[in-house]
Amino acid sequence: MGQVLDFHPVENIAPPAEVTLEDILPAQPRLLMGAGPVPVPSEVAAANAVVINHLGETMAAVTDRVREMSRYVFQTRTRHILGVAGPASAAMEMAITNLVWPGRVLVCVRNGIFSGRFAEMAQRVGARCHIVDVTAGSAADPVEVERAILAHGADVVTLVQGETSNTVWNHSLEQICQLARRLKVLTVVDAVCTLSTMPLPMDYWGVDVVVTGGQKGLSSVPGVSLIAFSNAAWDIIERRPSRSTHWCLDALLAEEFWDRKGYHYTAPVSGVLALHEALRLICRETLPVRFQRHSLSSRCLQMAVQAMGLNLLVSPRDRLNSVVGIVMPKGARAHAILDRMAHHHGVEASGAFGLNAIRIGQMGEQCRPHNTWKAVGALGLSLREAGFEVDLDEAWDVFESSQKVPQPGPSSCGA
Ligand SMILES: *Cc1c(COP(=O)(O)O)cnc(C)c1O
């Protein structure tokens with residue numbers, strides 16, 4: 001005999017009318033050419049549809065491979081490389097909540113909203129935060145960072161490799177990480193939009209913590225992120241005066257799953273399988289080839305957009321390749337143009353947090369000539385339809401001819 005279900009639905013809480021995803025999603029999928037998430041390769045999409053047990057030998061084999069391939073992508077030998085269930089911000093918060101506690105001193109190099117997030121997180125766990133504000137549109141200055149470290153007696157310095165929000169590239173990252181190491185200060189680097197799109201050799205540059213998300217440079221799905229800790233950083237975590245206040249983000253508990261194959265929480269298995277495929281494709285392509293593909297693709301995009309008659313947000317020296325900011329001509333409103341790009345031309349690009357600019361991504365699968373050109377074309381046509389004069393023919397000529405030049409141009413990111 002089954003149990004008698006004595007269920008009294010509350011009046012007016014009936015199931016809503018059924019709406020299928022087909023009703024919600026655009027009839028033609030839009031090409032994701034914004035600041036993330038980015039299109040995923042078919043292998044990643046297929047893996048993301050699979051669910052397996054989160055514990056046991058199959059999952060252990062997957063996580064071992066994810067760690068091994070990640071070591072190549074991060075260019076590190078560290079044992080302490082972990083996945084994180086959550087957005088890139090969760091990986092950033094894992095770095096902060098494990099390395100910082102009340103009384104610890106943190107210097108946050110703030111180029112924009114993403115790099116500034118480290119300070120917001122550190123303040124919440126009681127750190128003494130000092131912010132080095134970098135002039136909008138330019139890269140961090142190692143001299144200023146060193147001065148702030150010394151003036152405040154920093155324990156940790158945080159910074160971003162590419163500030164997605166305003167498309168600035170911190171090209172002195174290596175120098176800053178090395179001076180921090182000399183001063184015995186830990187570095188935490190946000191490489192969310194840049195990892196695997198440009199060089200960031202963690203061990204060689206002496207970086208202590210590198211964080212990245214799934215949905216940008218790696219071209220996987222959002223929701224599973226990666227973090228790598230140096231031995232020096234791990235040492236600090238093991239010798240903390242008290243346990244981390246954040247149970248899910250406790251690196252020592254996370255290592256129980258990622259290293260010792262025990263239970264911490266149920267890992268997002270589908271996302272981990274997707275990440276496995278994304279990493280496998282990066283390892284197959286190899287980093288030098290991938291860096292070159294990104295550098296070339298972004299340069300073609302930048303040159304085509306300029307040939308159309310538009311200006312870029314950041315000057316060549318400090319310009320990020322992974323996300324390109326394009327200034328709207330006088331009178332054009334970025335949001336109206338973005339709307340038109342999406343609805344009339346099937347291409348999603350991004351706004352720029354209040355600046356009258358559009359950001360086009362150049363991460364992973366976005367860096368394929370057909371995708372990049374589709375974004376340039378959609379931008380040009382949308383501007384033209386809105387009554388602005390742009391030279392699309394010239395843009396195409398430049399785009400096509402620059403595909404053939406193998407050497408990095410003025411704004412290559414040191415690839
Ligand atoms: C997107 C991004 C983040 C935040 O990633 P979420 O997955 O949205 O948390 C942080 N830093 C940089 C540089 C980014 O581009």
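Being a predicted model, the structure only gives us computed values, none of them experimental.
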Taking every non-hydrogen atom, the tightest pair across [X] and [Y]:
X      : Y      : answer
Ile360 : Leu301 : CG2-CD2, 4.0 Å
Ser70  : Ile81  : CB-CD1, 3.6 Å
Val390 : Gly380 : CG2-O, 3.4 Å
Gly364 : Arg290 : CA-NH2, 3.7 Å

[X] side chain to [Y] side chain, donor-acceptor N/O pair below 3.5 angstrom:
X      : Y      : answer
Ser230 : Thr78  : no
Asn111 : Asn166 : no
Glu163 : Ser165 : yes
Gln362 : Ser322 : no
Gln215 : Ser220 : no
Asn321 : Gln302 : yes
Asp318 : Ser315 : no
Thr76  : Asp203 : yes

Expected list for residues 25-42: side-chain donor-acceptor pairs under 3.5 angstrom, two or more places apart:
residue	atom	partner	partner atom	Å
Arg30	NE	Ala342	O	3.3
Arg30	NH1	Glu348	OE2	3.1

Heavy-atom distance under 4.5 Å between the side chains of [X] and [Y], does that happen here?
X      : Y      : answer
Arg181 : Thr187 : no
Glu365 : Val44  : no
Leu186 : Ile236 : yes
Leu82  : Phe257 : no
Lys374 : Met341 : no
Val272 : Val66  : yes
Val109 : Thr158 : no
Thr245 : Arg124 : no

What verdict does the side chain to side chain contact (heavy atoms under 4.5 Å, CB included) test give for Arg240 and Trp101, after you've listed the backbone C-alpha separation in whole Å, the side-chain angles of each residue and the deciding distance to 0.1 Å? CA-CA 9 Å; Arg240 279 177 62 105; Trp101 52 88; 3.6 Å; yes
Salt bridge flag under 4.0 Å for residues [X] and [Y]:
X      : Y      : value
Glu389 : Arg384 : no
Arg280 : Glu277 : yes
Glu120 : Arg117 : no

For Cys193 and Met363, run side chain to side chain contact (heavy atoms under 4.5 Å, CB included): C-alpha distance rounded to whole Å, both residues' side-chain angles, the deciding distance at 0.1 Å, then the answer. CA-CA 7 Å; Cys193 75; Met363 297 172 280; 3.7 Å; yes
Would you call the rings of Trp234 and His80 parallel, tilted or perpendicular if under 30° counts as parallel and over 60° as perpendicular?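 Taking His80 first and then Trp234, their aromatic rings lie parallel (interplane angle under 30°).
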Suppose we screen for side chain to side chain contact (heavy atoms under 4.5 Å, CB included). Which residues come up paired with Asp250, at least two apart in sequence or across chains? Asn98, Arg243, Ser244, Leu252, Leu253
Residues in ring-ring contact (aromatic ring centres under 6.0 Å, His included) contact with [X], at least two apart in sequence or another chain:
X      : value
Trp258 : none
His345 : none
Phe74  : none
His152 : His130

Could you tell me if Lys216 sits above the aromatic ring of Phe114, with its cationic atom closer than 6.0 Å to the ring centre and no more than 45 degrees from the axis? yes
Step-by-step side chain to side chain contact (heavy atoms under 4.5 Å, CB included) determination, Thr372 to Arg368: CA-CA 6 Å; Thr372 302; Arg368 303 287 179 195; 5.8 Å; no
Might you work through the side chain to side chain contact (heavy atoms under 4.5 Å, CB included) test for Glu174 and Gln178, ending with a clear yes or no? CA-CA 6 Å; Glu174 175 182 7; Gln178 285 176 354; 3.5 Å; yes
Using salt bridge (charged side-chain N to carboxylate O under 4.0 Å, His left out), reason through Arg65 and Glu68 one step at a time and then give a plain yes or no. CA-CA 5 Å; Arg65 291 293 302 160; Glu68 194 176 336; 3.6 Å; yes
